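Source: prediction; values computed, not measured. Residues take their numbers from the sequence shown, with the count starting at 1.
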Amino acid sequence: MVQATPLLLVLSLALGAHSLSPRKCNLIGHWVNDLGSHMKVFTVNEDGDFSGTYLTAVTATMNEIKESPLEGSLQRNNHKGQPTFGFTVNWTFSDSITVFTGQCFVDKHGKEVLKTMWLLRSRVDSIEDDWKATRVGINIFTRVQSQK
């Protein structure tokens with residue numbers, strides 16, 4: 001029985017090794033960013049295309065903020081579980097559009113985080129005002145846990 005103990009130890013380590021594989025990041029769900037904006041991704045199809053909604057917490061307009069549609073694409077050939085993605089938000093309450101690009105990470109504690117960079121393009125009245133039409137920034141999104 002004493003000689004079987006090392007064999008059992010090796011066998012249990014081998015069988016448990018699958019749990020050490022990195023967790024895959026899943027874009028589907030409800031996310032909130034560092035500014036308090038909410039994003040919901042409803043589906044990701046087999047081609048990596050996805051859709052959802054975005055409710056911003058900040059705006060430069062005086063208009064009432066409304067939920068806006070988003071459309072995007074996930075890099076589908078990523079087998080390591082931390083894919084890159086991009087999406088566009090077509091604001092329903094202003095003459096602007098924002099494109100986001102980012103990557104979905106799983107940190108060492110198993111927490112999913114979306115690191116993004118964005119460009120917001122606002123309509124201006126003339127080409128002379130073009131210099132002030134595009135803004136750039138970054139946002140970090142974390143998953144909103146469903147309440148049971």
Side-chain angles (χ1 to χ4, degrees), residues 9-148:
L9 178 62
V10 169
L11 183 59
S12 66
L13 287 173
L15 292 173
H18 67 83
S19 65
L20 298 176
S21 62
R23 190 169 146 224
K24 293 190 176 193
C25 197
N26 182 3
L27 204 57
I28 296 172
H30 184 177
W31 301 86
V32 64
N33 72 17
D34 46 316
L35 298 175
S37 299
H38 288 259
M39 175 177 68
K40 293 178 183 174
V41 177
F42 301 131
T43 60
V44 178
N45 70 20
E46 64 276 355
D47 292 329
D49 299 327
F50 62 89
S51 62
T53 60
Y54 199 103
L55 183 61
T56 186
V58 296
T59 183
T61 73
M62 299 303 291
N63 300 338
E64 176 188 354
I65 295 174
K66 296 179 182 175
E67 192 171 66
S68 299
L70 70 82
E71 298 288 332
S73 185
L74 179 71
Q75 196 272 332
R76 63 180 179 202
N77 293 325
N78 180 303
H79 300 290
K80 295 181 181 173
Q82 301 192 110
T84 57
F85 60 88
F87 63 91
T88 301
V89 178
N90 188 354
W91 303 109
T92 57
F93 61 91
S94 70
D95 290 337
S96 60
I97 196 161
T98 302
V99 293
F100 288 78
T101 187
Q103 187 169 356
C104 190
F105 290 101
V106 178
D107 70 14
K108 63 184 176 183
H109 304 292
K111 182 179 174 183
E112 292 169 301
V113 176
L114 307 180
K115 296 277 292 194
T116 66
M117 178 173 241
W118 52 264
L119 291 171
L120 180 143
R121 177 65 187 211
S122 298
R123 188 193 63 76
V124 291
D125 292 326
S126 68
I127 197 167
E128 290 79 22
D129 289 334
D130 184 62
W131 65 271
K132 64 181 180 179
T134 303
R135 297 176 187 185
V136 63
I138 59 169
N139 285 123
I140 300 169
F141 291 82
T142 55
R143 185 175 295 284
V144 174
Q145 298 303 321
S146 61
Q147 310 220 345
K148 296 181 181 185

**Message:** Distance check, rounded to the nearest 0.5 Å: Q103 atom CD versus L27 atom CG?
**Reply:** 11.5 Å
**Request:** Indicate whether any N or O donor in one side chain lies under 3.5 Å from an N or O acceptor in the other, for N90 and Y54.
**Result:** no
**Request:** Let me see the working for H38 and V32 under side chain to side chain contact (heavy atoms under 4.5 Å, CB included), right down to the final yes or no.
**Result:** CA-CA 5 Å; H38 288 259; V32 64; 3.9 Å; yes
**Asked** Rounded to the nearest 0.5 Å, how far does CE of M39 lie from NE2 of H30?
**Response** 9.5 Å
**Message:** Any side-chain to backbone donor/acceptor pair from E112 onto N26? Under 3.5 Å, distance only.
**Reply:** yes
**Message:** Distance check, rounded to the nearest 0.5 Å: D129 atom CG versus S122 atom OG?
**Reply:** 12.0 Å
**Item:** Donor-acceptor contact below 3.5 Å, side chain D47 vs main chain D49
**Value:** no
**Prompt:** So, T116 side chain and N139 main chain: donor-acceptor pair closer than 3.5 Å or not?
**Reply:** yes
**Asked** With respect to S68, which candidate in T98, T56, T53, T92 satisfies the side-chain hydrogen bond (donor to acceptor under 3.5 Å, both in side chains) definition?
**Response** T92
**Message:** Set out, in order, the CA-CA distance, both residues' side-chain angles and the distance that settles side chain to side chain contact (heavy atoms under 4.5 Å, CB included) for L114 and I140, then state yes or no.
**Reply:** CA-CA 6 Å; L114 307 180; I140 300 169; over 6 Å; no
**Request:** Run the numbers on F141 and D34 for side chain to side chain contact (heavy atoms under 4.5 Å, CB included), then give the verdict.
**Result:** CA-CA 7 Å; F141 291 82; D34 46 316; over 6 Å; no
**Asked** With distance as the sole test, does S37 use its side chain to make a donor-acceptor pair with the main-chain N or O of A57 at under 3.5 Å?
**Response** yes
**Item:** Within-4.5 Å side-chain heavy-atom neighbours: Q82 and V106
**Value:** yes
**Prompt:** Are any of the side-chain heavy atoms of L70 and F50 separated by less than 4.5 Å?
**Reply:** yes
**Item:** Presence of salt bridge, D130 and R121, under 4.0 angstrom
**Value:** yes
**Message:** Side chains of T134 and L120, heavy atoms from C-beta outward: is any pair under 4.5 Å?
**Reply:** no
**Request:** Would you check if there is a donor-acceptor pair between the side chains of T142 and W31 at a distance under 3.5 Å?
**Result:** no
**Request:** Please tell me if the side chains of F100 and V89 come closer than 4.5 Å, counting only heavy atoms from C-beta onward.
**Result:** yes
**C104 side, atom SG; Q75 side, atom CD - distance, nearest 0.5 Å** = 12.5 Å
